[in-house]
Amino acid sequence: QVQLVESGGGLVQPGGSLSLSCAASGSIFSPFALGWYRQAPGKQRELVAVITSGSNTNYADSVKGRFTISRDNAKNTVYLQMNSLKPEDTAVYYCNLRDVRGMSYWGKGTLVTVSS
């Protein structure tokens, strides 16, 4: 069983920065991609950013130029650096791992609140 644990969420003012991390453990068959998703109140869960084993990245249009995803393969950890935060970034952020078989695993989420 694969376990994902997010950390780093909290309250931040508009224009501020926050860093999230997600550590993976357990029987990981072969990681293919790690990503961050978020779900705001009353909205569907959406992709924020994803990074593949080849370090290719993809971002939602709403966060391009502000967020950066990275990974440390030795530590089985993925990070999300969030800059120039806006109130609309407020959401529960979830870590996701997808292996080469297409299996997907989720963390329990961490709350990010952007407010003055």
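Numbers here simply count residues along the sequence, with the first being 1. Note that the structure is predicted; figures quoted are calculated from it, not measured.
For the residue pair Leu80 and Ala49, the shortest heavy atom distance occurs at CD1-CB, 4.3 Å. The nearest pair of heavy atoms linking Glu6 to Tyr94 is OE2-CA, 3.5 Å. For the residue pair Ser17 and Gln81, the shortest heavy atom distance occurs at CB-NE2, 3.9 Å. Of all heavy-atom pairs between Pro14 and Ser116, the closest is CD-N, 3.7 Å. Nearest heavy-atom pair, Lys43 versus Gln39, reported as atom, atom and distance to 0.1 Å: O-NE2, 3.2 Å. The shortest non-hydrogen separation linking Cys95 to Val78 is SG-CG1, 3.7 Å.
Sorted by first and then second residue, the side chain to side chain donor-acceptor pair (under 3.5 Å) pairs involving residues 105-115 (not counting sequence neighbours) are Arg101-Tyr105.
Counting heavy atoms from C-beta on, the side chains of Val48 and Tyr59 never come closer than 4.5 Å. Residues Asn76 and Asn73 are not in side-chain contact: their nearest non-hydrogen atoms beyond the backbone lie 4.5 Å or more apart. Side-chain contact check for Leu85 versus Leu18: some heavy-atom pair is nearer than 4.5 Å. Between Arg38 and Asp89 the shortest side-chain heavy-atom distance falls below 4.5 Å. For the pair Phe67/Asn83, no side-chain contact is recorded, criterion being any heavy-atom separation below 4.5 Å from C-beta on.
Environment of CD in Glu88: crowded, with over 12 heavy atoms of neighbouring residues, nucleotides or ligands closer than 6.0 Å. The number of heavy atoms from other shown groups lying within 6.0 Å of CD (Gln13) does not exceed 12.
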key: Intermediate values then yes/no, side chain to side chain contact (heavy atoms under 4.5 Å, CB included), Leu20 and Trp36   = CA-CA 9 Å; Leu20 305 181; Trp36 289 95; 3.7 Å; yes
Test log, rule side chain to side chain contact (heavy atoms under 4.5 Å, CB included), inputs Cys22 and Thr77 = CA-CA 5 Å; Cys22 172; Thr77 301; 5.7 Å; no
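Put simply, the side chain of Thr90 gets close to the backbone of Val114: a donor and an acceptor are under 3.5 Å apart. Side-chain atoms of Arg98 never come within 3.5 Å of backbone atoms of Ser104 as a donor-acceptor pair (strictly under, hydrogens ignored).
Judged by the 6.0 Å and 45° rule, Arg71 forms no cation-pi pair with Tyr79.
Distance check, rounded to the nearest 0.5 Å: CG of Asn96 to CG of Leu4 gives 7.5 Å. In this structure, NZ in Lys75 is found 15.0 Å from OG in Ser25, a value given to the nearest 0.5 Å. Here CG of Leu34 is found 11.0 Å from CG of Asp72. Values are rounded to the nearest 0.5 Å.
Both Val50 and Val92 belong to a single network of hydrophobic side chains, linked directly or stepwise wherever heavy atoms of I, L, V, M, F, W or Y lie under 4.5 Å apart. Leu97 is connected to Met103 through a chain of hydrophobic side-chain contacts under 4.5 Å among Ile, Leu, Val, Met, Phe, Trp and Tyr, so both are in one cluster.
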